[in-house]
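As the structure lists them, so they are numbered: ligands from 1, and atoms in each ligand from 1.
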Amino acid sequence: MEIYKLAEAASRLHLSANSLKSLLANRTIPSIIRTTKTTKSTHTSYYIPEAFIAYAEKALKLKERFDFTRLESEQDYTEAFANKNGTQVISFSNLKGGVGKTSISANFAYTLALLNKRVLLVDMDSQANSSRYFANRYFSGESIKDIFDAIIHKKKVDAEFINRYIKKIDFGNATLDLLPSELSLGRVVEFSRAVFTMPHKKLNDILKPIKANYDFIIIDTPPTTGLSLHMSIFASDKVSIVTDAEDFSVNGLNELATEIQEIEDETEHVVAVDSFFINKVKKSNIHQVYIEAIAALAIEQKIEHVYTVSDSVRFKEAQNLHIPLLEYKNEQEKKFVLSESLIDYAIEKAAGA
Ligand SMILES: Nc1ncnc2c1ncn2[C@@H]1O[C@H](COP(=O)(O)OP(=O)(O)OP(=O)(O)O)[C@@H](O)[C@H]1O
Ligand SMILES: [Mg+2]
């Protein structure tokens, strides 16, 4: 992947370095920003992969004109990047634990935010790992569980109420909203089964009043079948299945696909599984065999995208430091390569939306 620094990107775009700098500063063109401080001064470096430049051009439809100055107000800017066909809700799922649902959904949400999309990350797993991924704290008494509690107790749950539970995460070069989870979410969700005739619709009901504020809502789901998963799938337009390249996982994919089909049939709500993320891939023959088996399944089930993500300790390290993979460590080339599938999928969704 070609990665440009400021001067190279400016020449690529036929802009002066200063003009490009202001486009990077106001995030018209996304980038990874690195500041190094010495005792005397602060130096800012910008790293821009080709894909981000191409995306900004496409999103702003300025390929011929390069009239970047058109964006004057905050509103122009939001409108230029807003989804033309409204909010897209995407769940990352698998019935198997530990395959990377949380890592992929959190980093995917960040990548969309980097592409100037308005993004809400919803944690539907009571382990609350994606809540802690960026926020690095627990959310007892201030999570989506409390919203479920409120609807169970027939309280008024409008946008104002829901917004009280949404946390803003500011990365400097992007912002992301988070609707966190907590340990008792599973219990409260299961309790709602006894209270409502159509409990699987309740997450969708919660998202409805705030949906228009976002271009994308990304849902991280638990590794088990149950009402949390069904609610997540019912609320989604697309499901992305995260898996690893192991024997059990390949079999499990069929099971999940069948379950999604059943939910569709039961609820008459169309949810497309549009991608597989094969995560933690190592350079081994056996992994290659499983990747091919998953790719064959994807063709059979008419799943559009199959992405692979390499196994790297950087995922764990970035998560432990509560930062996106793209913001972790200095070697730009390495982290852009590791994130390539996530960037491809984010650009595919963001540019087509
Ligand atoms: N590509 C990768 N290479 C190496 N480690 C990874 C990779 N992706 C994720 N991990 C690590 O694997 C562990 C499990 O990942 P993660 O929590 O994202 O999985 P999960 O599917 O959400 O798990 P759960 O089912 O418990 O919700 C974490 O420690 C994470 O940092
Ligand atoms: Mg998880």
Give a yes or no on whether N129 keeps an N, O or S atom under 2.8 Å from the Mg ion (ligand 2).
no

Taking 4.0 angstrom as the limit and counting only heavy atoms of Q127, give me the atoms of ligand 1 inside it, by number and element.
24 (P), 26 (O), 27 (O)

Any non-hydrogen atom of S310 lying under 4.0 Å from ligand 1?
yes

Note the single closest protein heavy atom to atom 21 (O) of ligand 1, along with its residue, its atom name and the distance in Å.
K101 NZ, 2.7 Å

What are the atoms of ligand 1, with element, lying closer than 4.0 Å to any heavy atom of D125?
27 (O)

Under 6.0 Å from the ring centre and within 45 degrees of the ring axis: does the NZ or CZ of K201 meet both conditions for the six-membered ring of F196?
no

Does the ring center of Y47 lie less than 6.0 Å from the ring center of F336?
no

To check your reading of the model: name the closest protein heavy atom to atom 18 (O) of ligand 1, its residue, and the distance in Å.
S103 OG, 2.6 Å

Using every non-hydrogen atom in the two residues, find where G141 and Y165 come nearest and quote the distance to one decimal.
O-CE2, 4.3 Å

Among protein heavy atoms, which lies nearest atom 2 (C) of ligand 1, and at what distance?
F315 CD1, 3.3 Å

Taking both backbone and side-chain atoms of V99, is any N or O found less than 3.5 Å from an N or O belonging to ligand 1?
yes

Distance flag, aromatic centroids of F276 and Y307, threshold under 6.0 Å
no

Quick one: nearest non-hydrogen protein atom to atom 29 (O) of ligand 1, plus distance?
K316 CE, 2.9 Å

Have D123 and S130 got a donor and an acceptor in their side chains that come within less than 3.5 Å?
yes

Residue, atom name and distance, where the atom is the protein heavy atom closest to atom 19 (O) of ligand 1:
G100 N, 2.9 Å

Starting from atom 23 (O) of ligand 1, what is the nearest protein heavy atom, named by residue and atom, and what distance separates them?
G98 N, 3.0 Å

Regarding D215 and R118, does a basic nitrogen lie under 4.0 Å from an acidic carboxylate oxygen?
yes

Using a plain distance cutoff, I'd like to know if V313 has any nitrogen or oxygen under 3.5 Å from a nitrogen or oxygen of ligand 1.
no

Return the option from I278, T102, L338 holding the heavy atom at the smallest distance from atom 17 (O) of ligand 1.
T102

Tell me, which protein residue and heavy-atom name are nearest atom 31 (O) of ligand 1, and how many Å apart are they?
Q319 OE1, 2.9 Å

Is it true that the side chains of R34 and N330 contain a donor and an acceptor less than 3.5 Å apart?
yes

Could you verify whether a donor N or O on one side chain and an acceptor N or O on the other, from H230 and E259, lie under 3.5 Å apart?
yes

Hey, does T221 come in under 3.5 Å of ligand 1, counting only N/O atoms on both sides?
no

Between Y345 and F277, ring centroids under 6.0 Å:
yes

Could you tell me which non-hydrogen atom of L325 sits nearest to which non-hydrogen atom of K335, and how far apart they are?
O-CD, 3.7 Å

What atoms in ligand 1 come closer than 4.0 Å to a heavy atom of S312?
2 (C), 3 (N), 4 (C), 5 (N)

Relative to the heavy atoms of P223, which atoms of ligand 1 are at a distance of less than 4.0 Å?
25 (O)

Just which atoms of ligand 1 are under 4.0 Å from any heavy atom in G97?
25 (O)

Counting the benzene-type ring for Trp, do H322 and F134 have ring centres under 6.0 Å apart?
no

Of the non-hydrogen atoms in N279 and V99, which two are nearest, and what is the gap between them?
ND2-O, 2.9 Å

Nearest protein heavy atom with distance in Å, relative to atom 12 (O) of ligand 1
K280 NZ, 2.9 Å

Is any N or O atom of N279, backbone or side chain, closer than 3.5 Å to an N or O atom of ligand 1?
yes

